[in-house]
Amino acid sequence: MRRSDVSSSEPATIPGLEAFAAPSADAASGAPRRGPSPEELLEGLNPPQRAAVTHSGPPLLVVAGAGSGKTRVLTRRIAWLISQRGAHPGSILAITFTNKAAAEMKERVEDLVGRRARVMWVSTFHSACVRILRKEIVNLGYKSNFSIYDAADQKRLMGLVCQDLDLDPRSYQPAQILNWVSDQKNELRDVEEAAKEAENGVEEIYAKAYATYQRRLREANALDFDDLIMTTVHLFREFPVVRETYRRRFRHVLVDEYQDTNHAQYALVHELCSQPMEDTDDRPGEQRVPPAELMVVGDADQSIYAFRGANIRNILDFEQDFPDATSILLEQNYRSTQTILTAANAVITHNQGRKEKRLWSEQGDGERIVGYVADDEHDEARFVSDQVDKLVDAGHKPSEVAVFYRTNAQSRVFEEVFIRTGQPYKVVGGVRFYERREVRDALAYLRALLNPDDQVSLRRIVNTPKRGIGDRAIACVTAYAETEGVTFWESLRRAEHAPGLATRSLSCIRGFVGLMDELQSMVAAGERADVVLESVLDKSGYLVELEESDDPQDATRVENLAELVAVAREFSDDPVAGPSADPADVDAGQVQPGLRDFLERVALVADSDQIPEDDDGVVTLMTLHTAKGLEFPMVFLTGLEDGVFPHARALGDTRELEEERRLAYVGVTRAQERLFISRALVRSAWGAPSHNPESRFVGELPVDLVDWRRTEADRTRWSRPDLSHSPAERRGSTGFGSITGAGRRNFTSAAMRADAASKAQRSREIPSLTPGDRVTHNSFGLGTVVTVEGQGEKAVASIDFGSQGVKRLLLRYAPVEKL
Ligand code: ATP
Ligand code: MG
C-alpha cells in the first residue's frame with residue numbers, strides 16, 4: 001500500500017492522510033506544543049487546494065476527480081480550523097466513509113495540532129448517530145442501552161415477523177422485505193408513511209411487515225443499521241431543542257465521499273447546517289446560532305452505492321440546496337500516471353449527463369497498461385500470480401499490489417493460487433471475521449448481558465453451547481412470556497411458573513439464568529470487555545466444547561475466539577477508543593472504554609477496516625466497492641467480462657450500467673504506477689462454465705494504451721474445465737509448505753472448501769427438494785426448505801436452519817440430506 005510521500009515513516013493506508021512535515025509533536029515530554037504556522041499547514045498544496053483549506057463562511061463544495069487531494073484538503077482544513085481560526089476541536093464533526101479512515105484522519109490531525117484534537121468527532125455517519133442517540137434517545141422512549149442489529153440479526157428478526165404475519169415463504173423472503181424496508185428508512189419514510197405510499201398489494205404487505213418489524217425492534221430496545229440515521233433525523237425534527245444543542249456544538253461539519261450519501265444522511269447534514277427555519281420552537285430567550293460551516297468533498301463519478309440508497313443528486317444539487325454555496329474544482333491528480341488517468345477518463349466519458357472534468361497528472365506517461373486474456377479463471381489467477389512474482393523480483397513489495405474483482409466469490413481462485421505459490425495474501429471483506437458463527441455467538445452473549453431485552457441475542461445463546469434447553473422448553477417459556485406480557489428474559493427468570501415445562505428443563509434454565517446473573521454482575525461492576533468476554537467463554541462452557549472437539553474447524557474457531565479476546569483487550573487498553581465515550585470525559589482521562597463501547601465498535605466495523613496495516617509481504621485482495629478511497633502502486637483489475645463486470649444484472653439497464661462504469665472508474669484510478677487488466681474466456685459460475693464476452697469497458701479504453709500480452713486469438717488451447725475434481729486437485733499437489741502470515745490463516749478454510757467440494761462432487765447425488773421439505777445438514781443441523789431456484793447442477797435452495805439462520809446452498813455441493 002502507498003507509503004506517505006512526505007516525511008512520515010508510517011504507512012498512509014488511507015491516502016490523503018499522510019503525516020505532515022511539521023516539527024514533531026513533543027507528546028512524550030508532555031510539553032505544550034507549538035502550533036504549526038499557516039505556511040506549514042499549506043505546504044505542499046496547490047492554489048485551489050489552499051483556497052479550500054482556508055475558505056471561511058458559506059458552505060463549500062469541493063468537487064474533483066479521483067486522486068486530486070480531496071481527503072488531504074479535508075484533513076488539512078480541520079487542522080487549519082483548529083490552529084488558525086481558533087475553532088475548539090469539540091466543535092468539529094468530520095464524516096468519513098469507514099471507521100478506519102476516521103481513525104487515521106484523527107491521527108493525522110493530531111500529528112498536526114497535538115493532543116487537544118482528540119475531542120473532535122471524526123467518524124462515520126453511523127458512529128456519530130450512535131453517540132448522539134446514546135445521549136438523547138430517551139426522548140423517543142427508548143432506553144439508552146439499545147442494541148444495534150446487524151444484517152444477520154435483522155434477517156432473523158424479519159424471519160420471525162414473516163411467521164407472525166403468516167407470510168408464504170415462497171413469495172415473501174425476509175431478505176427482500178428487508179431491502180425494501182432499508183429503502184424506506186434511507187428515504188426517511190416511517191411506518192405510517194410507508195403504508196400510505198404503498199403502491200400495490202405486495203408493497204402493502206411489505207409495509208405491514210415493516211410495522212411489525214419496527215414494533216419488535218422497539219420491544220427488544222434495538223435499532224437496526226438504517227434506523228441509526230433515520231432515528232437521529234426524526235429526533236432532531238421532533239425535538240428542536242435537542243437539535244439546537246448539536247447545532248450549537250458543531251460549528252464545523254466536514255463530509256468526505258459526499259457522492260455516496262443517501263437521503264437520510266443528507267437530511268442529517270441539513271438539520272445541522274441549514275439556515276434555521278423561522279417556525280422552530282427554540283429555547284425561550286436564547287438566540288439562534290448561525291448555521292455551522294459546512295464543507296463537503298466528493299466526486300460524482302465515484303458514486304457507487306446507489307443500491308444502498310446513495311443519491312448522486314446530493315452532490316449535483318449542492319448549489320441548489322445551499323444557495324450561498326461556493327464550489328472549488330481540483331483538477332490536478334497526484335496519484336496516477338497520465339496513462340492510467342487517460343484510461344479512466346476514456347471510460348467514464350461514456351456516462352451521460354455528467355459534468356465533464358479533465359484530470360491531468362505531472363507524473364509522466366509511465367508504463368502502458370498490461371492486458372491478458374485467460375482461458376479460464378484459474379489461468380487468469382495464474383497470470384496475476386506470475387506478474388506479482390515478477391514485480392517482487394524487480395524489487396517491489398507485495399503490499400504494493402492489490403487485486404480487485406467485482407464480487408466476493410471471485411476471490412477464491414486467487415486464494416488458491418496464492419496458497420499454492422506460498423504468496424501471503426489477505427482477503428478484505430470475504431468471510432468476515434465478525435460474521436463467523438463462533439464470533440457471533442460470543443458477541444450475542446455480550447449483547448444479552450448488556451441488554452437482556454435483546455431477545456434475538458438471548459435466544460441465540462440460551463442453548464449454545466447445548467445445555468439441555470430444547471425447542472420445547474423454549475416454546476413453553478415463549479408462550480409464558482406472551483400470556484404474561486413479559487420479556488423473554490423475564491419469563492426465563494420465572495420459568496418455574498411456565499406451564500408444561502419439564503423439571504429437567506427447568507433446572508437447565510435455572511443454571512443458565514444463574515450464569516447470566518453472575519456474568520451480569522461483572523458488567524455492572526464495570527469490568528473490562530476482554531475480561532467479561534473471557535469469563536463468558538469459560539463459564540458458559542463454550543470454549544471447552546470447542547477444545548474437546550475432533551473437528552478441525554473447531555480448532556480454527558478457538559483461534560478466532562482467541563483473536564476476538566485480543567481485539568477486546570487491545571480496545572480496552574486504548575482509552576480513547578470508545579466511540580460513545582463522551583469526548584470531554586475521555587479528555588479528562590475519566591472513562592475507560594467499557595463493554596458497550598466495545599460492542600459498538602464491533603457493530604460498526606466496515607469491510608475496509610480489515611486492511612492490513614504495515615505488513616509489507618501481503619498482497620491485498622478486495623472487491624471494487626471496498627477499494628474506494630484507497631490507492632496502490634500496482635493494481636490488477638480482473639474479470640473484465642460482460643456479465644461479470646459489468647455485472648449481469650446491469651447489462652440491460654442504462655442506470656445500473658452507468659453505476660458499473662463508475663465502479664470501473666474507481667478501480668482504474670486506485671492505481672498509481674501500473675495497471676493490469678484481465679479476463680477469462682470461460683468462467684465457472686455456480687459450478688457450470690459460462691462464456692462471457694469482453695467487458696464493454698475494455699472496448700472503451702484507447703487501444704494504444706494497452707499492451708496485450710495475450711489475446712483471444714493467441715489462445716493455444718481451449719477445453720471445457722474438468723469439473724469432476726476441484727481446481728486444486730486438477731493442478732496436482734498444492735505444496736503449502738512455505739505459506740506464512742496472513743496466507744496461512746486463510747489456508748485452512750480454502751483448502752477445506754476445495755476438499756469438501758471435491759468430495760461432494762464425486763460421491764453425492766443432488767437431492768431433489770421442494771419448499772416445505774425437512775432436511776439435515778452436516779454443520780447446520782435440522783432445517784426446512786424455504787425456496788428452490790434452478791434445476792439439476794444449478795439448483796440452489798434457501799433453507800431455514802432455525803437458530804442457525806436461513807442459508808442459500810448450492811445443492812450440488814451442500815452436505816444436505818432429505819428426511
Ligand atoms: P479519491 O477520489 O480517490 O478519494 P482524493 O481526491 O481524496 O482521492 P487524496 O487521496 O487526498 O485524493 O490524494 C491522492 C494522493 O495525492 C495522496 O497520496 C495524496 O497524498 C497526494 N496529494 C494530494 N495533494 C497533493 C499535493 N498538492 N502535492 C503532492 N501530493 C498530493
Ligand atoms: Mg479521498
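Order of appearance sets the numbers: ligands from 1, and atoms from 1 within every ligand. These numbers were taken from a predicted model, which means no experiment stands behind them.
Shown here are the protein N/O/S atoms lying under 2.8 Å from the Mg ion (ligand 2), water excluded: Thr71 OG1.
Ring pair Tyr372/Phe383 is parallel by interplanar angle, where below 30° counts as parallel and above 60° as perpendicular. Ring orientation note: the planes of His270 and Phe322 are tilted relative to one another, at an angle of 30° to 60°. Ring planes of Phe697 and Phe645: perpendicular class, angle over 60° (limits at 30 and 60°).
Between Leu630 and ligand 1, not a single N/O pair is under 3.5 Å apart. By the 3.5 Å distance cut-off applied to N or O atoms, Gly69 is counted among the residues near ligand 1. Checking only distances, Ala66 never comes within under 3.5 Å of ligand 1, N or O to N or O.
Distances from ligand 1 to the non-hydrogen atoms of Gln332 include no value under 4.0 Å. Within the 4.0 Å heavy-atom cutoff, Asp299 does not count among the residues contacting ligand 1.
Proximity of Glu631 to ligand 1, defined as any heavy-atom pair under 4.0 Å, is confined to the side chain (atoms from C-beta onward). Contact annotation: for Thr71 versus ligand 1, heavy atoms closer than 4.0 Å belong to both the backbone and the side chain.
There is no side-chain donor-acceptor pair under 3.5 Å between Asn351 and Tyr665.
Taking all heavy atoms of Lys70, Glu43, Gln259 into account, the minimum distance to atom 6 (O) of ligand 1 is reached by Lys70.
Paired with Pro398 under the rule side-chain contact (heavy atoms from CB on, under 4.5 Å), one option of Val619, Leu391, Thr620 passes, and it is Val619.
For Gln352, the CD atom is loosely surrounded, since the number of other residues' heavy atoms within 6.0 Å does not exceed 12.
Residues passing the salt bridge (charged side-chain N to carboxylate O under 4.0 Å, His left out) test with Asp226: none are found, sequence neighbours excluded.
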